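Some notes on the structure that comes next.
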Amino acid sequence: MSSRPGAAGATRTCPHCKATILERAARCPECQHYLRFDAAPAAVVPGRSNAIVPTGDTTTALQVEGRIRHPAEGGAWEYSVVLVIQDGDGKELKRQVVNVGALLVGDERTFNLSVEVTPTNDLRRPTRSPLSRGRH
């Protein structure tokens with residue numbers, strides 16, 4: 001799942017919640033714990049000639065929010081929150097059920113999806129997606 005350490009897209013495990021996160025993350029996007037207290041991104045990582053370091057702050061590139069309210073009549077509604085990520089060719093890279101549940105009469109749920117991006121100085125052009133896998 002993780003690309004080469006130091007490369008753009010390389011991952012590690014959050015020591016707090018065990019979620020898979022980006023190697024350079026200063027804060028876990030799942031549990032919100034701080035992992036590093038860098039004041040500013042470093043330009044060079046000693047001992048790593050191929051190190052990819054952030055060159056700017058994280059930006060929210062996509063934010064979608066929606067609310068569902070069960071009407072005052074009828075039976076319960078069951079729901080599944082499904083996240084699907086596709087590459088530029090429409091090939092599915094990941095499909096994950098994030099949560100399931102039910103809405104009873106008068107219940108309400110708000111769903112918020114955000115995608116955060118952090119620029120790096122990695123100028124390489126991959127021949128294939130770092131998340132793609134070889135044939136089984």
Side-chain angles (χ1 to χ4, degrees):
M1 180 178 204
S2 173
S3 55
R4 191 175 76 241
T11 60
R12 65 182 171 131
T13 301
C14 172
H16 304 283
C17 70
K18 306 304 182 213
T20 299
I21 60 173
L22 288 170
E23 186 177 80
R24 272 175 297 288
R27 189 172 189 184
C28 175
E30 184 154 332
C31 69
Q32 300 293 304
H33 278 93
Y34 282 95
L35 306 168
R36 287 195 333 255
F37 295 97
D38 299 1
V44 177
V45 176
R48 282 189 165 169
S49 59
N50 65 343
I52 310 301
V53 296
T55 59
D57 293 332
T58 298
T59 302
T60 300
L62 172 69
Q63 177 116 20
V64 180
E65 184 173 287
R67 181 173 299 147
I68 299 172
R69 177 184 292 269
H70 189 293
E73 67 277 338
W77 290 352
E78 292 183 325
Y79 65 87
S80 298
V81 179
V82 181
L83 174 66
V84 179
I85 302 172
Q86 297 175 324
D87 66 12
D89 297 326
K91 179 182 174 191
E92 191 172 290
L93 301 175
K94 178 76 173 179
R95 174 180 291 266
Q96 182 173 345
V97 176
V98 178
N99 191 264
V100 296
L103 293 168
L104 303 176
V105 172
D107 279 353
E108 179 178 288
R109 298 287 185 276
T110 301
F111 302 91
N112 185 309
L113 166 72
S114 62
V115 178
E116 297 177 348
V117 296
T118 304
T120 71
N121 65 357
D122 186 355
L123 301 176
R124 294 174 290 143
R125 301 268 188 241
T127 55
R128 62 183 178 90
S129 168
L131 298 176
S132 66
R133 299 179 187 159
R135 296 188 129 182
H136 297 283

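For clarity, every value in this text was computed on a predicted model and none was experimentally measured. Along the sequence shown, residues carry numbers from 1.
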Inset, instruction - Flag yes if Leu113 and Tyr79 sit in one hydrophobic cluster, no otherwise; membership is Ile, Leu, Val, Met, Phe, Trp, Tyr, and two members link when side-chain heavy atoms are under 4.5 Å apart. - result: yes
Legend entry - Single-linkage hydrophobic cluster Val97~Trp77, side-chain heavy atoms < 4.5 angstrom: no
Is any side-chain heavy atom of [Y] closer than 4.5 Å to one of [X]?
{"X": "Phe111", "Y": "Val81", "value": "yes"}
{"X": "Lys94", "Y": "Leu83", "value": "no"}
{"X": "Ile21", "Y": "Leu35", "value": "yes"}

Hey, could you give me the [atom1]/[atom2] distance between [X] and [Y], rounded to the nearest 0.5 Å?
{"X": "Ile68", "Y": "Glu108", "atom1": "CD1", "atom2": "CD", "result": "10.0 Å"}
{"X": "Cys14", "Y": "Glu30", "atom1": "SG", "atom2": "CD", "result": "8.0 Å"}
{"X": "Leu62", "Y": "Glu116", "atom1": "CG", "atom2": "CD", "result": "11.0 Å"}
{"X": "Asp87", "Y": "Leu93", "atom1": "CG", "atom2": "CG", "result": "5.0 Å"}

Legend entry - Main-chain N/O of Lys91 paired to Asp89 side chain as donor or acceptor, under 3.5 Å: no
Inset, instruction - Look at the side chain of Arg27 and the backbone N and O of Gln32, then say whether any donor-acceptor pair between them is shorter than 3.5 Å. - result: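 Yes, the answer is positive, given that a donor and an acceptor are paired below the 3.5 Å cut-off.
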How far apart are the closest heavy atoms of [X] and [Y], and which atoms are they?
{"X": "Val82", "Y": "Arg95", "value": "CG1-NH1, 3.8 Å"}
{"X": "Cys31", "Y": "His16", "value": "SG-CB, 3.8 Å"}
{"X": "Val100", "Y": "Ser80", "value": "CG1-OG, 3.7 Å"}
{"X": "Arg109", "Y": "Ala102", "value": "NH2-O, 3.4 Å"}
{"X": "Arg12", "Y": "Ala25", "value": "NH2-O, 3.0 Å"}
{"X": "Ala76", "Y": "Leu104", "value": "CB-CD2, 3.6 Å"}

Inset, instruction - Go through the structure and list residues passing side-chain hydrogen bond (donor to acceptor under 3.5 Å, both in side chains) with Glu78, not counting sequence neighbours. - result: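 Not a single residue meets the side-chain hydrogen bond (donor to acceptor under 3.5 Å, both in side chains) criterion with Glu78.
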